[in-house]
**Q** 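Got a structure here, written out as structure tokens. Questions coming.
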Amino acid sequence: MANLAGFDLNLLRVLDALLRERSTVRAGERLGLSQPAVSAALGRLRHALGDPLFVRQGQGMTPSSLALALEPELRRVLQDLETLLRGPGGFDPAQATFDFRISGTDFFSSMLMPALVQRLAARAPGVRVQLVDLVPDAYVEMLDRYEVDLGLIPERDFPAWVAHARLLTCGFVVVARRGHPRLASVPAAAPVPLPLYCALDHVLCSPEGRLHGLGDAALAAAGHRRRVVASVPVFEGVLRIVAQTDLLALVPVPIARMRATEGTYDIYAPPVPISPVHLCMIWHRRFDDDPGHRWMRGQVAEVLAPLGRVG
DNA sequence: TATTGACGCTTTGTCACACC
DNA sequence: GGTGTGACAAAGCGTCAATA
């Protein structure tokens with residue numbers, strides 16, 4: 001392995017870009033270098049670390065086991081270096097250049113990303129933001145493994161090393177396709193009669209692929225049950241299914257309202273009270289005082305603030 | 001003793017091209 | 001379509017002497 005005295009630390013940025021892109025062409029684009037420059041840097045990395053690091057496979061580069069093993073620590077070191085070089089309190093969004101990964105459902109793809117991207121373009125053009133799918137039951141671990149910088153999930157208990165802040169409280173409504181034959185006598189926005197609600201089939205959004213959710217718990221508390229016949233991992237899919245079938249769905253108020261003007265479905269109140277969900281952002285405490293991270297948390301909170309308590 | 005400028009070597013970049 | 005390599009150019013860096 002290399003020693004620090006003779007090692008060019010810029011090579012770590014190249015290794016990071018190669019691990020992210022798995023291609024010398026795309027790594028070059030990410031770094032602002034030509035493909036041959038990345039190839040040469042990879043050659044120097046191979047020599048310094050005594051490992052091939054990447055082997056060519058088809059039209060891309062596959063990392064070696066050593067490259068994969070280095071990845072988490074490499075990200076941490078680069079993050080620390082950025083923080084160090086930025087200096088205390090010296091964060092300037094207009095000059096900042098970093099990537100920020102957020103994990104969340106497609107709720108945030110609709111309710112957060114458009115406004116957030118617009119903000120970044122105006123205030124921090126060098127910052128790139130990525131919304132990545134929630135990996136079921138691994139939200140917290142992804143923070144620890146440097147796979148995401150921020151998680152957007154329903155509030156619950158978190159480990160001590162996870163910091164969190166509540167963003168909004170979100171109620172739920174029932175949606176059904178416009179012209180649903182069984183709901184003709186139910187006025188829009190009125191509660192769906194409980195017997196009818198339980199008699200109809202349902203679709204729900206579950207990134208984990210579950211066939212039960214909040215609605216089932218609320219019904220069970222009232223001594224009733226419904227039949228969920230489908231689940232999809234995104235709300236967009238739920239709304240499309242609702243619009244094209246006789247299924248009902250329970251969806252967050254902001255999502256329902258956002259698409260209501262399209263006229264493909266109507267909105268009703270749930271037949272039983274559904275406890276609102278507190279959505280929060282979570283991050284690793286090692287980023288508590290990171291100026292860039294703190295600034296991004298502020299932007300996310302500000303974008304979602306107008307939704308406030310909905311429903 | 002610290003700073004500055006000249007000089008030369010080394011490193012790293014791009015371009016063009018061969019190869020897989 | 002993508003990677004690796006040779007030729008060449010530019011920039012960076014260390015050394016050394018001159019100077020304040």
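The sequence lines fix the lettering, A, B, ..., with proteins before strands; numbering per chain opens at 1.
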**Q** Please evaluate residues A:Asp288 and A:Trp283 with respect to the criterion side-chain hydrogen bond (donor to acceptor under 3.5 Å, both in side chains), reporting the C-alpha separation (whole Å), side-chain torsions for both, the decisive distance (0.1 Å), and the verdict.
**A** CA-CA 8 Å; A:Asp288 269 356; A:Trp283 65 94; 2.8 Å; yes
**Q** Using atom types as modelled, flag every donor-acceptor pair under 3.5 Å from a side chain in residues 264-275 of chain A to any protein atom, sequence neighbours excluded.
**A**
{"unit_1": "A:Tyr265", "atom_1": "OH", "unit_2": "A:Ala256", "atom_2": "O", "d": "2.8"}
{"unit_1": "A:Tyr265", "atom_1": "OH", "unit_2": "A:Ala260", "atom_2": "N", "d": "3.3"}
{"unit_1": "A:Asp266", "atom_1": "OD1", "unit_2": "A:Arg178", "atom_2": "NE", "d": "2.9"}
{"unit_1": "A:Asp266", "atom_1": "OD1", "unit_2": "A:Arg178", "atom_2": "NH2", "d": "2.7"}

**Q** Please confirm whether the shortest side-chain N or O distance from A:Ser23 to OP1 or OP2 of C:dT3 is below 4.0 Å.
**A**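 Indeed, a polar side-chain atom of A:Ser23 lies that close.
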**Q** Please indicate whether A:Glu302 has more than 12 foreign heavy atoms, meaning atoms of other residues, nucleotides or ligands, lying under 6.0 Å from its CD.
**A** yes
**Q** Quantified as the angle between the terminal helix axes (five pairs each), what is the overall bend of the helix from B:dT1-C:dA20 to B:dC20-C:dG1 to 10 degrees?
**A** 30°
**Q** Looking only at heavy atoms, which two atoms of A:Tyr197 and A:Arg226 are closest? And how far apart?
**A** OH-NH1, 3.4 Å
**Q** State whether A:Arg225 and A:Asp216 are salt-bridged, where the test is any N-O pair (Lys NZ or Arg NE/NH1/NH2 against Asp/Glu carboxylate O) under 4.0 Å.
**A**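 So A:Arg225 does not pair with A:Asp216 through a salt bridge.
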**Q** Round to a whole Å and report the spacing from CZ of A:Arg26 to P of C:dG1.
**A**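 Taking atom P of C:dG1 as the reference, CZ of A:Arg26 is at 14 Å.
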**Q** So which protein N/O to nucleotides 10-12 of chain B N/O distances come out below 3.5 Å?
**A**
{"unit_1": "B:dT12", "atom_1": "OP1", "unit_2": "A:Asp8", "atom_2": "OD2", "d": "3.2"}
{"unit_1": "B:dT12", "atom_1": "OP2", "unit_2": "A:Arg44", "atom_2": "NE", "d": "3.3"}

**Q** Mind checking ring-ring contact (aromatic ring centres under 6.0 Å, His included) for A:His180 and listing every partner two or more places apart, or none if nothing turns up?
**A**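 Expected list: none.
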**Q** Provide, to the nearest angstrom, the distance between the CE atom belonging to A:Met61 and the P atom belonging to C:dG1.
**A**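 It works out to 18 Å between those atoms.
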**Q** For A:Thr24, answer base if it contacts any base atom (sugar-phosphate contacts may also be present), sugar-phosphate if it contacts only those atoms, and nothing otherwise; contact means non-hydrogen atoms under 4.0 Å.
**A** sugar-phosphate
**Q** Hey, is CZ on A:Arg119 packed in by over 12 heavy atoms from elsewhere, all under 6.0 Å?
**A** yes
**Q** Each nucleotide in nucleotides 15-20 of chain B should get exactly one letter: B, S or -. Can you fill that in based on protein heavy atoms under 4.0 Å?
**A** BB---B
**Q** For A:Phe107 and A:Phe235, take the angle between the two ring planes, folded into 0 to 90°, and tell me which bin it lands in: parallel under 30, tilted 30 to 60, perpendicular over 60.
**A** perpendicular
**Q** Measure CD/A:Glu21 against C1'/C:dG2 and give the value in whole Å, please.
**A** 14 Å
**Q** Test question: given the 4.5 Å side-chain rule for I, L, V, M, F, W and Y, name all other residues clustered with A:Val55, or answer none.
**A** none
**Q** Heavy atoms only: give me the nearest A:Cys198-A:Leu219 pair and the separation to one decimal.
**A**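 Taking every non-hydrogen atom into account, SG-CD2, 4.2 Å.
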**Q** Do A:Arg182 and A:Asp246 meet the salt-bridge criterion of a basic N to acidic O distance under 4.0 Å?
**A**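 Not counted as a salt bridge, because no side-chain N and carboxylate O are separated by less than 4.0 Å.
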